[in-house]
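Only heavy atoms go into these numbers, but all of them, side chains included; no hydrogens, no water, no symmetry mates. The first residue of the sequence shown is numbered 1, and numbering continues consecutively from there.
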Amino acid sequence: MDPLAESDIRASFVNCSKGEARRLNIPAGLAELPWPDLDFLGWRDPQAPDRAYLVVPRADGPLGVTLRRPTNVRRTFTKTTVCSFCLTGHGGSGVSLLAAPRAGAAGRQGNTVGAYVCADLACPLYLRGKKQPDLAARYEEQLSVEEKVSRMTANLDAFLDKVTDGKVTETKAGQGRA
């Protein structure tokens with residue numbers, strides 16, 4: 001993934017207003033991120049732990065979506081849960097249900113799309129072995145890193161298609177919700 005400027009990140013969001021995109025907290029140290037190892041930029045908001053963001057590179061520019069984590073969710077530390085994007089197994093709270101408001105009128109009516117995702121949104125780093133899950137070992141697979149990345153990208157694209165109702169190339173921030 002090529003490095004992104006703060007202005008490009010803010011302009012990429014399709015499921016929030018321009019004002020919401022202007023106010024969201026961009027990750028600190030953008031220049032120091034491991035951009036070559038990222039297939040998407042994902043982060044949790046340190047000032048609002050129930051909020052997260054994804055920005056995915058596209059041919060026509062980055063596509064960003066806002067996410068929310070439900071509050072008061074019970075966690076068990078004895079079970080392993082698998083991320084629906086990268087298929088990394090995590091123990092305890094390593095995977096979170098994240099819900100994205102749908103873009104457009106459906107989102108304004110309160111419709112969301114959810115997925116169980118690595119709580120730290122570091123899927124690309126888990127696939128490349130740059131980061132290890134805390135309590136669970138990564139499943140042994142015979143796939144190459146490129147094949148794992150391709151599978152993760154397909155899973156992420158399927159999620160984004162649901163958020164955007166298949167209109168991934170539609171306009172950016174401010175067009176998703178009023």
Side-chain angles (χ1 to χ4, degrees), residues 1-2 4-27 30 33 35 38-73 81-88 90 93-127 148-178:
M1 179 174 185
D2 293 329
L4 295 172
E6 182 177 334
S7 59
D8 295 330
I9 293 171
R10 291 188 189 284
S12 72
F13 287 92
V14 297
N15 66 343
C16 69
S17 69
K18 286 183 182 180
E20 289 171 315
R22 265 194 315 270
R23 291 185 302 272
L24 63 85
N25 292 312
I26 300 295
L30 278 179
L33 291 176
W35 292 103
L38 298 179
D39 303 294
F40 64 84
L41 175 62
W43 73 98
R44 301 290 292 266
D45 188 333
Q47 295 175 348
D50 65 329
R51 294 181 191 225
Y53 308 97
L54 282 177
V55 178
V56 182
R58 293 284 185 241
D60 61 337
L63 173 75
V65 294
T66 63
L67 304 159
R68 292 241 176 181
R69 188 185 79 186
T71 56
N72 299 327
V73 175
T81 311
V82 177
C83 172
S84 62
F85 292 166
C86 67
L87 304 184
T88 298
H90 293 272
S93 60
V95 170
S96 291
L97 173 62
L98 296 177
R102 296 188 64 181
R108 287 189 295 274
Q109 294 172 354
N111 294 328
T112 60
V113 176
Y116 286 93
V117 183
C118 293
D120 59 3
L121 297 166
C123 299
L125 301 179
Y126 289 118
L127 290 183
K148 292 176 189 177
V149 168
S150 178
R151 178 183 60 198
M152 178 191 64
T153 303
N155 293 339
L156 181 58
D157 287 343
F159 175 76
L160 293 174
D161 280 347
K162 291 175 188 174
V163 172
T164 63
D165 204 19
K167 300 172 188 144
V168 175
T169 59
E170 225 174 71
T171 57
K172 305 297 186 228
Q175 302 298 315
R177 290 184 21 201

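- Taking all atoms of both residues into account, the shortest heavy-atom contact from D39 to M152 is OD2-CE, 3.4 Å.
- Of all heavy-atom pairs between R44 and A52, the closest is CD-CB, 3.5 Å.
- The side-chain heavy atoms of K148 and T153, taken from C-beta on, include no pair separated by under 4.5 Å.
- Residues R151 and C86 come closest through the heavy atom pair NH2-O, 4.0 Å.
- Atom CH2 of W43 sits about 12.5 Å away from atom CZ of R51, to the nearest 0.5 Å.
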CA sep, side-chain torsions, deciding dist, call: F159, V113, side-chain contact (heavy atoms from CB on, under 4.5 Å): CA-CA 8 Å; F159 175 76; V113 176; 3.7 Å; yes
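- Annotation: the span from I26 atom CD1 to L41 atom CG amounts to 8.0 Å, rounded to 0.5 Å.
- Taken to the nearest 0.5 Å, the CZ atom of F40 stands 12.5 Å off from the CG atom of L63.
- Within the model, atoms CG of L156 and CZ of F85 stand 5.0 Å from one another, a figure rounded to the nearest 0.5 Å.
- Annotation: side chain to side chain donor-acceptor pair (under 3.5 Å) contacts of N25 (sequence neighbours excluded): D45, Q47.
- Of the possible polar contacts, one joining the E20 side chain to the S17 backbone as a donor-acceptor pair under 3.5 Å is found.
- Smallest separation of non-hydrogen atoms from S84 and A115: OG-CB, 3.6 Å.
- Considering only heavy atoms from C-beta on, Y53 stays 4.5 Å or farther from L67 through its side chain.
- Looking at heavy atoms from C-beta onward, L54 lies out of side-chain contact with F13 at the 4.5 angstrom threshold.
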Criterion salt bridge (charged side-chain N to carboxylate O under 4.0 Å, His left out) on R69 and D50, from CA distance to verdict: CA-CA 5 Å; R69 188 185 79 186; D50 65 329; over 6 Å; no
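- The side-chain heavy atoms of V14 and V65, taken from C-beta on, include a pair separated by under 4.5 Å.
- When the side chain to side chain donor-acceptor pair (under 3.5 Å) test is applied to D120, the partners found at least two apart in sequence or on another chain are Y126, K131.
- In this structure a side-chain-to-backbone donor-acceptor pair under 3.5 Å is missing from R10 to E6.
- Within the 4.5 Å cutoff, the side chain of Y116 has no heavy atoms near those of the L98 side chain.
- With values rounded to the nearest 0.5 angstrom, N155 atom CG is found 11.0 Å from L160 atom CG.
- Smallest separation of non-hydrogen atoms from V163 and P101: CG1-O, 3.7 Å.
- The one candidate from N15, D165, N111, T112 that meets the side chain to side chain donor-acceptor pair (under 3.5 Å) condition with R102 is D165.
- Considering only heavy atoms from C-beta on, L4 comes within 4.5 Å of P62 through its side chain.
- In terms of heavy atoms, C118 sits closest to T88 at SG-CB, 4.4 Å.
- L30 places a side-chain heavy atom less than 4.5 Å from the side chain of I9.
- Note: R22 CZ to K18 NZ = 8.0 Å, rounded to the nearest 0.5 Å.
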